[in-house]
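Not measured: the values here are computed from a predicted model.
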Amino acid sequence: MINKAIKIDYYEVYRRRKENNNKYVEEKVDISAIFEILKDATVQERTFKYGGETIRFQKIKYDTENKIWEVQILRSRNIIAPGIADNSGNYTITTLTDDKYYAESISLLYSGEKSLLAFQINHNYMTRTVLEEILNKFQEDLTEKILLFPIIVKDKAQKIKKAKFYTKLHIIAKQDPIETMQSDTLMGSILSSTKKYEGSQVEITIGFGRARKKKDTLNTQQIKEEIEFLSKNENIESLQIDYKSEIDELTDTFNLIKERLQDWIYIQRDSNKKPILHEDVIERMKTKIINKIENGII
């Protein structure tokens, strides 16, 4: 028997709405109504084209006992066609007729009570930007935007917010040629301005270096604003903060992107190489998410 490891990411679902003073407010939102619509939609209505690929909501089911939506999403594989190999050394690329395409299954769970979404991460997984785009097609109020924010481990997040001294901020961001970094903060403006160099990645470090003294700190209010903004942006690949709560404490380091709340599930596969089904993944994901809700982790 072989254990297959599957990674799970967790997101909180928010909406961004505009108030009368032209300011935007971000607040948690329940998107159960979207899954209600998709559940009864036709195959054509729940199929989308995105970036030259086909994405379809395949199965949508509501678990009334646990109050959780179970969702299967299919994403087409247009680049590399799979093939069949045998022990004699033969390999044949499978061919399809015009009305068929290769697709990869992605499992998703959603709790309306917690505005919480658990998402399977495959080799060919969808980014949360793509999922946001699809969910926004079905919301009732098109003036509001649905956003998916990663969940930071609670105790670390609180320590960072309460810190009195920030000694270094280190950022690595991808430069997506299609997406633009929103310039809601000073750092957002800086990262947006670097797109003119046409690179694929930008790395920024702000700190004191060897000249740092015991009482030195970066602008605490500015850093807290940047952390709040940058930790929610998908273009940020690494967001490391060096901080401490008191002058005489040792400096602690934490990466809000790489150390966010995630899980692994394991599914046993036998020698017959039977495929892992959506139902297998969902049941194990459900055990994880229910345990975290019951224990107040999320």
Side-chain angles (χ1 to χ4, degrees), residues 6-17 26 28-63 68-82 94-112 115-150 174 176-182 232-235 275-279 281-282 285 289:
I6 299 173
K7 186 178 178 182
I8 307 299
D9 264 359
Y10 293 95
Y11 298 101
E12 289 181 310
V13 185
Y14 278 72
R15 67 175 176 181
R16 179 182 292 148
R17 61 179 178 82
E26 292 173 354
K28 281 189 180 183
V29 63
D30 181 8
I31 57 169
S32 296
I34 292 177
F35 295 115
E36 287 283 2
I37 294 170
L38 285 167
K39 179 170 63 69
D40 299 322
T42 65
V43 172
Q44 291 73 25
E45 289 171 336
R46 48 190 164 85
T47 302
F48 312 89
K49 293 289 185 180
Y50 188 92
E53 295 189 343
T54 302
I55 296 170
R56 184 168 81 210
F57 282 82
Q58 181 70 5
K59 295 181 181 178
I60 301 176
K61 174 185 173 184
Y62 186 65
D63 178 347
I68 291 178
W69 286 93
E70 305 172 9
V71 182
Q72 181 185 29
I73 303 172
L74 300 182
R75 179 180 180 179
S76 65
R77 296 177 59 183
N78 298 338
I79 301 174
I80 301 175
T94 54
T95 56
L96 303 175
T97 56
D98 291 340
D99 64 336
K100 294 181 174 62
Y101 54 86
Y102 300 105
E104 184 166 354
S105 174
I106 301 165
S107 297
L108 179 153
L109 286 175
Y110 174 70
S111 166
S115 297
L116 176 68
L117 189 147
F119 196 47
Q120 176 188 355
I121 304 299
N122 290 344
H123 175 70
N124 192 42
Y125 76 101
M126 289 193 310
T127 65
R128 67 177 156 116
T129 301
V130 176
L131 187 55
E132 284 175 348
E133 183 97 4
I134 294 172
L135 293 173
N136 275 299
K137 290 178 183 291
F138 281 89
Q139 66 168 323
E140 294 180 359
D141 189 346
L142 295 178
T143 63
E144 299 179 354
K145 181 175 175 59
I146 292 173
L147 304 165
L148 303 178
F149 293 154
K174 63 181 179 182
D176 194 314
I178 299 174
E179 297 177 19
T180 301
M181 177 76 70
Q182 294 181 18
K232 296 175 181 177
N233 198 296
E234 189 173 352
N235 285 329
I276 296 174
L277 302 178
H278 160 68
E279 288 74 15
V281 177
I282 279 292
M285 285 176 64
I289 195 171

Could you check M285 against V281 for side chain to side chain contact (heavy atoms under 4.5 Å, CB included), going step by step and ending with a plain yes or no? CA-CA 6 Å; M285 285 176 64; V281 177; 3.6 Å; yes
Take K49 and T54, measure what side chain to side chain contact (heavy atoms under 4.5 Å, CB included) needs, and give me the verdict at the end. CA-CA 5 Å; K49 293 289 185 180; T54 302; 2.7 Å; yes
With side chain to side chain contact (heavy atoms under 4.5 Å, CB included) as the criterion, how do W69 and E36 come out once you've worked through the C-alpha distance, each side chain's angles and the decisive distance to 0.1 Å? CA-CA 10 Å; W69 286 93; E36 287 283 2; 3.6 Å; yes
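Closest non-hydrogen pair, S32 versus G112, comes out as OG-CA, 3.8 Å. Closest non-hydrogen pair, L109 versus I68, comes out as CD2-CG2, 3.6 Å. The minimum heavy-atom distance linking H278 with S107 is given by the pair ND1-OG, 2.8 Å. Residues Y110 and D30 approach most closely at OH-OD1, 2.9 Å, considering heavy atoms. The two atoms that bring E26 and Y14 nearest to each other are C-CD2, 3.9 Å, heavy atoms only.
Proximity of L131 to L117: side-chain heavy atoms (C-beta onward) are separated by under 4.5 Å at one or more points. Using a 4.5 Å cut-off on side-chain heavy atoms (C-beta onward), E45 and F57 make no contact.
Here the straight-line distance linking atom OH of Y62 with atom CD of E70 works out to 10.5 Å at 0.5 Å rounding. Here the NZ-CD1 distance, from K137 to I34, works out to 12.5 Å after rounding to the nearest 0.5 Å. Residue I73 holds its CD1 atom at 5.0 Å from CZ of F119, rounded to the nearest 0.5 Å. Atom CD1 in I282 sits 7.0 Å away from atom CG in L108 (nearest 0.5 Å). Note that CZ of R46 and CD1 of I37 are 14.0 Å apart. Values are rounded to the nearest 0.5 Å. Taken from CG in L135 to CZ in F35, the straight-line distance is 5.5 Å, to the nearest 0.5 Å.
Of the possible donor and acceptor atoms, one in the side chain of E132 sits under 3.5 Å from a partner among the backbone N and O of L148. The backbone N or O of I146 sits less than 3.5 Å from a side-chain atom of N136, completing a donor-acceptor pair.
If you run side chain to side chain donor-acceptor pair (under 3.5 Å) between S105 and each of Q72, Q120, Q58, only Q72 comes through.
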